Protein chains: 4
Amino acid sequence: MSVKTASHGRIDKRQAILAAAFTVFARQGYSQACVQEIAQEAGVAKPTVYNHLNDKENLFREAMTEASAELTGALLAAVEPLRDPGDDLRAALVAVGDRLLELYCEERSWALRRLLYAEVARFPELGCGVDKLTEALADRFARFSLQGKLDVQEPEVAAEQFLALLTGPMDNRTAFGTRPAPAAELHSVAESAVRTFLSAFAS
Amino acid sequence: MSVKTASHGRIDKRQAILAAAFTVFARQGYSQACVQEIAQEAGVAKPTVYNHLNDKENLFREAMTEASAELTGALLAAVEPLRDPGDDLRAALVAVGDRLLELYCEERSWALRRLLYAEVARFPELGCGVDKLTEALADRFARFSLQGKLDVQEPEVAAEQFLALLTGPMDNRTAFGTRPAPAAELHSVAESAVRTFLSAFAS
Amino acid sequence: MSVKTASHGRIDKRQAILAAAFTVFARQGYSQACVQEIAQEAGVAKPTVYNHLNDKENLFREAMTEASAELTGALLAAVEPLRDPGDDLRAALVAVGDRLLELYCEERSWALRRLLYAEVARFPELGCGVDKLTEALADRFARFSLQGKLDVQEPEVAAEQFLALLTGPMDNRTAFGTRPAPAAELHSVAESAVRTFLSAFAS
Amino acid sequence: MSVKTASHGRIDKRQAILAAAFTVFARQGYSQACVQEIAQEAGVAKPTVYNHLNDKENLFREAMTEASAELTGALLAAVEPLRDPGDDLRAALVAVGDRLLELYCEERSWALRRLLYAEVARFPELGCGVDKLTEALADRFARFSLQGKLDVQEPEVAAEQFLALLTGPMDNRTAFGTRPAPAAELHSVAESAVRTFLSAFAS
DNA sequence: CATGAATGAGATTTCATTCAT
DNA sequence: GATGAATGAAATCTCATTCAT
């Protein structure tokens, strides 16, 4: 009724289309996905998709950007607790590791990474985002080092390695996200990662 | 002319088609690649492709299997030197790390992984191969542990982590294989990986 | 604001739409032209076009009628001087011929004829207008005949032939209005036409 | 069966497609015509059309070129008799005029000209063909002038004018090919044209 | 009356796949 | 066994037209 409502309606529809698009792209891959199916999933007619997003490529870009931002937000939130890790640094790192792995192994995360890998050659801008997660983690590690809680010379490298230890094993363990990993296994991976990390960087 | 030659000719043609297929799939992705282009790249007519490999899906499977086996072979060969590491374990590990990273960052390797990631949802059998590289490395680490050169409780986990430390950083550093990484950077990553690994697992 | 102004505004808007429509139809042809573009050119929204003119076909009809009337008016005005040709009939005919050819070769004239030719099959009413120009010219020639200035038995035929001699050569000379014709060439054609015409019909 | 037959089959199919294309384009215009309908008219599947002619634009170009060449051939043949006009030049000219007008007023001729006019803006190469008919006629008139049968200073201009006198009146008389013209009317136009032409150029 | 948004229908084009030779 | 030709099916995108405001 009000302008605001109308505006929201428009924005909502755009968001609905983007969400539907990501769902379908995740299921079928970029090329196999057809705009028709995305429109159906969003509950609109095909031309409406073209009215809001210009063409399939742009639709993909926007849907990926959206999904990517969402995941990045959650990941950054997951490392926030390290601002106040309490007495037990190991426990704090394991908790963060658990949470990161949980996010990393969500179905949508795998789908996002699969699409990213698959299409980065044709959509190079998708791979260009700076890795905010590594940076945020490097910030924490630098602080810990200053506080004498860790002995880290190159915080960026340490952050990279922390994340690599966490997520690296999951490709093979879940057959690239095809098989689900039990929570216990995730926790075990997180603990191993933290153990190795602390063995290397404990002060 | 002879049966043997004819047979070889047949096999050669099949191999040529598979090689061409991988090249084209790597360039375009599974869906974007069209059989016509593969046939052209292989220098044969389209129906010949269908005579040798039944349909596009099978063509993809076989081409991926072929390329995958090739890469796996090279990776396994790269860890062979660890059977006789000499006195300086660190140097041996760095050398192996260098070689593994080099292989990992070849254009064809990225392409293979991109295709794997992209299509594992529709071709689940592609992701099912046991990870021979991790196993081979775990074998070496187990030996080192027995020989007192390392202190490794779970060789599989240690191998996973060694590989994660090596390759994990490369996704972001090369924008998923889109940007080339200078050899010096590769070496630096290998050294960091080995340093962290040995800090954690030195006996 | 006032009724009169509003009414004028309405008429003006209709005229603006028709003018824009002709411009776009001339540029793109009937089918290629899209209502969206016409609306843009007219500076109104698409439904406004539908409010004023019912559908695309009617829009075309009206735009063509408008443009056609405009051109016809100019052509009729161009032969008016023959009501008072002065002493030198040849000079008067050449002057009229020059002006007619000039109008005939305007960009908009070519566009109009192109659209007429192109769409007369689907809009037969467009081709049904009596040829007022031929009639007007026939009237003049009949007068000249009565006055002993010409020897014309069938004024309609003479008028047809005068116009044919003028405009017939232009299709090929301008590649159907695609290439511009220099003014000198136009004048030369007009002179040749008048020469032949007078050779045949001089009293 | 034989290679030759196979080859003919291919050529025949291409010709069939081009003929069907011209028929449909003539009926519907370039944009309204759809490839689907052309394929149906030709009795082949839609992709076959795309196999032989690359896209709709090229299909149009080739179909127009073909039809144009056909008509041009007939027109040139129609003026051949003027190589040996016999004693009665007037009669010969009228005969040729009759035949030219007959060809000019065939349904396919009107269709060709309509398409040419309609699309010359988007397919400029279609309008670029030299006018062989005018040239051939100019050649005949030049001969007649040398032989003292005519008094023609500029044969090209005379030829242009002869054709203009013939065909110029037909646009209006047939409502641009929409109405059929009775043979008697055609003959009358031809006679008037020849009368005027000879009045002007008789030696 | 003017308009932003939505849509049903349909156009061009591509591609995996199969015959017939 | 290899190939030129043909095709059924489907995908992207456009456009005339209509609601609801």
Side-chain angles (χ1 to χ4, degrees), chain A residues 1-3 5-7 9-10 13-14 17 31-39 42-59, chain B residues 6-7 9-10 13-14 31-39 43-60, chain C residues 6-7 9-10 13-14 31-39 43-52 54-60, chain D residues 1-3 5-7 9-10 13-14 17 31-39 42-57 59:
Chain A
M1 203 85 61
S2 67
V3 171
T5 309
S7 168
R10 178 128 177 92
K13 194 153 282 186
R14 184 189 157 96
I17 292 172
S31 296
Q32 242 66 15
C34 80
V35 176
Q36 158 73 5
E37 195 176 348
I38 291 172
V44 301
K46 217 185 340 173
T48 304
V49 175
Y50 283 92
N51 282 346
H52 283 260
L53 287 313
N54 273 338
D55 54 15
K56 197 188 177 186
E57 292 200 1
N58 192 54
L59 175 55
Chain B
S7 169
R10 176 132 179 89
K13 193 159 282 189
R14 184 189 157 97
S31 296
Q32 246 65 17
C34 76
V35 177
Q36 159 70 10
E37 194 176 350
I38 292 172
V44 301
K46 223 185 332 177
T48 304
V49 175
Y50 282 89
N51 284 343
H52 283 260
L53 297 137
N54 274 337
D55 55 16
K56 196 188 178 186
E57 293 200 0
N58 191 55
L59 176 55
F60 182 66
Chain C
S7 169
R10 176 132 180 88
K13 193 158 284 187
R14 183 189 157 96
S31 295
Q32 245 67 17
C34 76
V35 177
Q36 158 69 10
E37 192 175 352
I38 292 171
V44 302
K46 221 184 333 176
T48 303
V49 176
Y50 283 89
N51 285 342
H52 283 259
N54 275 336
D55 54 14
K56 196 188 178 186
E57 293 199 1
N58 191 54
L59 176 55
F60 182 66
Chain D
M1 201 86 60
S2 67
V3 172
T5 310
S7 169
R10 178 127 178 90
K13 194 154 281 187
R14 184 189 157 98
I17 292 172
S31 296
Q32 242 67 15
C34 78
V35 176
Q36 158 72 6
E37 196 176 347
I38 291 171
V44 301
K46 218 182 341 172
T48 303
V49 175
Y50 282 91
N51 282 346
H52 283 260
L53 288 312
N54 272 338
D55 54 15
K56 197 187 177 186
E57 293 201 1
L59 175 56

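Bear in mind the structure is a predicted one, so any value in this text is a computation, not a measurement. Quick note: numbers below take in every heavy atom, side chains included, and nothing from hydrogens, waters or symmetry partners. Labels below follow one simple rule: chain letters A, B, ... track the order of the sequence lines, proteins then strands, and each chain is numbered from 1.
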Between dA11(F) atom P and Gln32(A) atom CD, what is the distance in whole Å? 9 Å

Minimum-distance nucleotide (side-chain atoms of Asn51(B) versus dT7(F), dA16(E), dT3(F)): dT3(F)

How long is the line joining CZ of Arg14(D) and C1' of dA6(F), in whole Å? 17 Å

Can you measure Leu53(D) atom CG to dT14(E) atom C1' for me and round it to whole angstrom units? 17 Å

Whole angstroms only, please: what is the CZ-P distance between Phe60(C) and dA16(F)? 13 Å

Checking dC13(F), dT7(F), dA2(E) against the side chain of Asp55(A) (C-beta onward), the nearest is dC13(F)

Return the value, rounded to whole Å, for the distance between atom CD1 of Ile17(D) and atom C1' of dA6(F). 10 Å

By nearest heavy atom, map Ser31(A) and Ser31(C) onto DNA chain F; which one lands nearer the 5' end? Ser31(A)

Under 4.0 Å: is that the gap between some side-chain N or O of Lys46(A) and OP1 or OP2 of dT14(F)? no

Of the options Asn54(D), Thr48(D), Val49(D), which is the one that meets His52(D) in a side-chain contact (heavy atoms from CB on, under 4.5 Å)? Thr48(D)

Relative to the 5' end of DNA chain E, which residue comes earlier, Ala33(B) or Val44(A), by the nucleotide with the nearest heavy atom? Val44(A)

The reported gap from NZ in Lys46(B) to OH in Tyr50(B) (rounded to nearest 0.5 angstrom) is 7.0 Å

Given dA2(E), dT13(E), dC15(E), which nucleotide is nearest the side-chain atoms of Cys34(B)? dC15(E)

For dA6(F) and Lys13(D) - does any side-chain N or O of the residue sit under 4.0 Å from the phosphate oxygens OP1/OP2? yes

Lys56(B) has an atom NZ; how far is it from atom P of dT14(E), in whole Å? 15 Å

Without decimals, in angstroms, what is the distance between Leu59(D) CG and dT12(E) C1'? 12 Å

Among the nucleotides dT17(F), dT12(F), dA6(F), which one has an atom lying closest to any side-chain atom of Thr48(D)? dA6(F)

Checking contacts here: which listed nucleotide (dC15(E), dT3(E), dT7(E)) is nearest the side-chain heavy atoms of Pro47(C)? dT3(E)

To check you understand the geometry: which heavy-atom pair defines the closest contact between Asn58(B) and Asp55(B), and what is its length? N-OD1, 2.9 Å

Where is the tightest heavy-atom contact between Ala39(C) and Ala45(C), given as atom of each residue plus distance? CB-C, 4.0 Å

When you get a sec, tell me which of dT12(F), dA16(E), dA16(F) is the closest nucleotide to the side chain of Tyr50(B)? dA16(E)

Nucleotide pairing, DNA chain F (Watson-Crick or G-U, distances under 3.5 Å), in dot-bracket with [ ] and |: .||||||||||||||||||||

For Ala45(A) and for Glu57(D), locate the closest nucleotide of DNA chain E by heavy-atom distance; then report the residue assigned to the nucleotide nearer the 5' terminus. Ala45(A)

Result for 5'-nearest mapping on DNA chain F, choosing between Gly43(D) and Asn54(C), is Gly43(D)

Do Arg14(D) and Leu53(D) come within less than 4.5 Å of each other through their side chains, counting heavy atoms only? yes

So does His52(B) get a side-chain nitrogen or oxygen closer than 4.0 Å to the phosphate oxygens (OP1/OP2) of dA2(F)? yes

I need the minimum non-hydrogen distance between Ile17(A) and Ile38(A), along with the two atoms involved. O-CG2, 4.2 Å

Separation of Gln36(D) atom CD from dT14(E) atom P, in whole Å? 17 Å

